[in-house]
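Some notes on the structure that comes next.
Per chain, numbering begins at 1; letters A, B, ... match sequence-line order. Just so we're clear, the structure is a prediction, and the values are computed from it rather than from any experiment.
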Amino acid sequence: MSNSGVSLADIISTVEFNYSGDLLATGDKGGRVVIFQREQENKSRPHSRGEYNVYSTFQSHEPEFDYLKSLEIEEKINKIRWLPQQNAAHFLLSTNDKTIKLWKISERDKRAEGYNLKDEDGRLRDPFRITALRVPKLKPMDLMVEASPRRIFANAHTYHINSISVNSDHETYLSADDLRINLWHLEITDRSFNIVDIKPVNMEELTEVITAAEFHPHQCNVFVYSSSKGTVRLCDMRSSALCDRHSKFFEEPEDPSSRSFFSEIISSISDVKFSHSGRYMMTRDYLSVKVWDLNMESRPVETHQVHEYLRSKLCSLYENDCIFDKFECCWSGSDSAIMTGSYNNFFRMFDRNTRRDVTLEASRENSKPRASLKPRKVCTGGKRKKDEISVDSLDFNKKILHTAWHPAENIIAVAATNNLYIFQDKVN
Amino acid sequence: MFARGLKRKSAEDGEDVEGGLAGAQAMPSYSLQRQSLLDMSLVKLQLCHMLVEPNLCRSVLIANTVRQIQEEMAQDGTWRVVAPQAAGRAPLDRLVSTDILCRSVREQEGERPGPDAGDGHTPDLVPGLATVPSAQALRSPQSSLWEVDSSRENRGGFQKSLDQIFETLENKTSGSVEELFADVDSPYYDLDAVLTGMVGSTQSGHGSGLQAFSSATAPPPSSSCRSDLGELDHAVEILVET
């Protein structure tokens, strides 16, 4: 990744491990997808085990122009979701604001030689000159990784797509925009089913939008969607075709003592993720991460403060628009820990068992490769201790919005603007 | 800070709100801060009004904040209308008296005006303010209190802005266009198909033009589509002539 200046197109906009964790995909503002692959064990290079190197790079989306509305459609990749692997090839869904694409990533390491009808350099042979037939032989070649678009799911979203989620049936997936959620079949591109629609008849009455949506990891009929009012609705597709009525409604009652003009904005949920077990879900709002038991709608079972010291700065953060930043969150493979990003290239990890949390920094200056990360601390007032950083010195342009956790091991990927950091637990 | 209900750190000398003209420069009053937040929000809404495709979530959150401020201003009497006989007085006097009124109201209710702040209001004021979307209630000829005027203007102004913004969003995502996006079967998005459909239709107009190729019955063009009609007619004219 380049470190000289920040090209806007290089800003990473999504990070996602595949089901095995061997592949890590990133999408950026320029519409590109870069896939990293984990190195296999290699006795001659013992340190390389676990390193991720570039496996494939391709242009997923291009900028488009919507002629009917005279609007440009950004090529920025909003989300990438992998499909479970079914054969040698890998499949992923990538989406920008309007169009979802299914990409096939396959390896080619053999090439056929000895064709009858054409020469080695590709020129056609004159069929009348051929006197003998031969069987083409497969010869090894340098590994080539090809990405090809297999399906394009377009024209189903009036508003900006914020989420896609593959169903546990591995046949369908949902896509959500600000006001609607659609259900697709992976094989069918010319139609989708609308399953949630919160658009009011009169747009002037609009007060709430959908911010994220996800399918349950095991129950293929269940999904959740979060809103800008800090609520989560769980829907069951068996109950009706249009899931405008929820089965469960998760909302924590507001604390009246902390009410301010910014209360609603900071309660807006930027991300919702089911735990791997399917028993819990996690929501991220501006200042905290909450873990919910799916059987209890009245309040979360855990609340973790990400950067409470920002509460007194909300007005400035409103002025510079940082209050609208959408942070994501993720679970560890065993659901014992959760992680989310913050400002100043800080990210936070919370151990749910020990109740300990740590703040770490993703930056080149403050960490050497293979050195352990040093915990950081933000000083909220009074005397600043050595190594602490004061709230007013935080760089709000360095935000970590996207993080991902390996599905099985303690390896994490952290996107800091245009740089990708991969950290892992020290083995010995 | 702007947080309602939280004591400001600098107000160490008790809970009195530092209002009044003299204190305004040294320590902005709560109402001035709130007004400034309102102004900032309106500017933000205008900004996204001008953007190519506004971030809907951000617009909705800002608009809700604006509404919230407006409701609180209505509740604690910032828009209290002074009786008509006060119209003869000098504007400055009226400003001071309104401000004192606000302060005393707030002191009565404590630091946090709650939902029951409506008690202190004149009955004829409440119905007018309760119907938030209709700005007509406040446009009725009243005294020319500049503060009320400016807040009325503000309210009318940002009410208009809110309406404008959502209308713009509606324009960009008009109902008939949405019919297009539901259940896509044919490649209607092919520009040729669009043009053919429009040229084939003898009537000009947004809704009828789209009906030519929309399989579902298009809804009657909503009022918010009307501003699109002129542009589309113009575009079709150009295309037909070429």
Nearest 0.5 Å, please: how far is CZ in B/R34 from CZ in A/F261? 5.5 Å
So, B/S41 versus A/Y318: side-chain donor-acceptor pair below 3.5 Å or not? yes
Applying a strict 4.5 Å limit to non-hydrogen atoms, the region of A/E208 in contact with chain B is backbone
Go through the atoms of A/D321 and report whether side chain, backbone, both or neither lie under 4.5 Å from a heavy atom of chain B. both
Search all heavy atoms of B/R67 against all heavy atoms of A/E204 and return the closest pair with its distance. NH2-O, 3.8 Å
Within a radius of less than 6.0 Å around CD of A/E319, do more than 12 heavy atoms belonging to other residues, nucleotides or ligands occur? no
Check A/T211 against B/C57 and note the closest heavy-atom contact, atom names and distance. CG2-SG, 4.1 Å
So which heavy atom on A/S260 is nearest to which on B/Q68, and how close? O-NE2, 3.7 Å
Quick check on side-chain contact (heavy atoms from CB on, under 4.5 Å): which of A/L206, A/D177, A/N162 does B/L56 satisfy it with? A/L206
Side chain, backbone, both or neither of A/S268 within contact of chain B (heavy atoms, under 4.5 Å): side chain
Rounded to the nearest 0.5 Å, what separation is found between the CD1 atom of A/I265 and the CG atom of B/N64? 8.5 Å
Going by heavy atoms in the side chains, are B/L37 and A/F262 under 4.5 Å from each other? yes
Given that the side chain runs from C-beta out, which part of A/I323 has a heavy atom under 4.5 Å from chain B: side chain, backbone, both or neither? neither
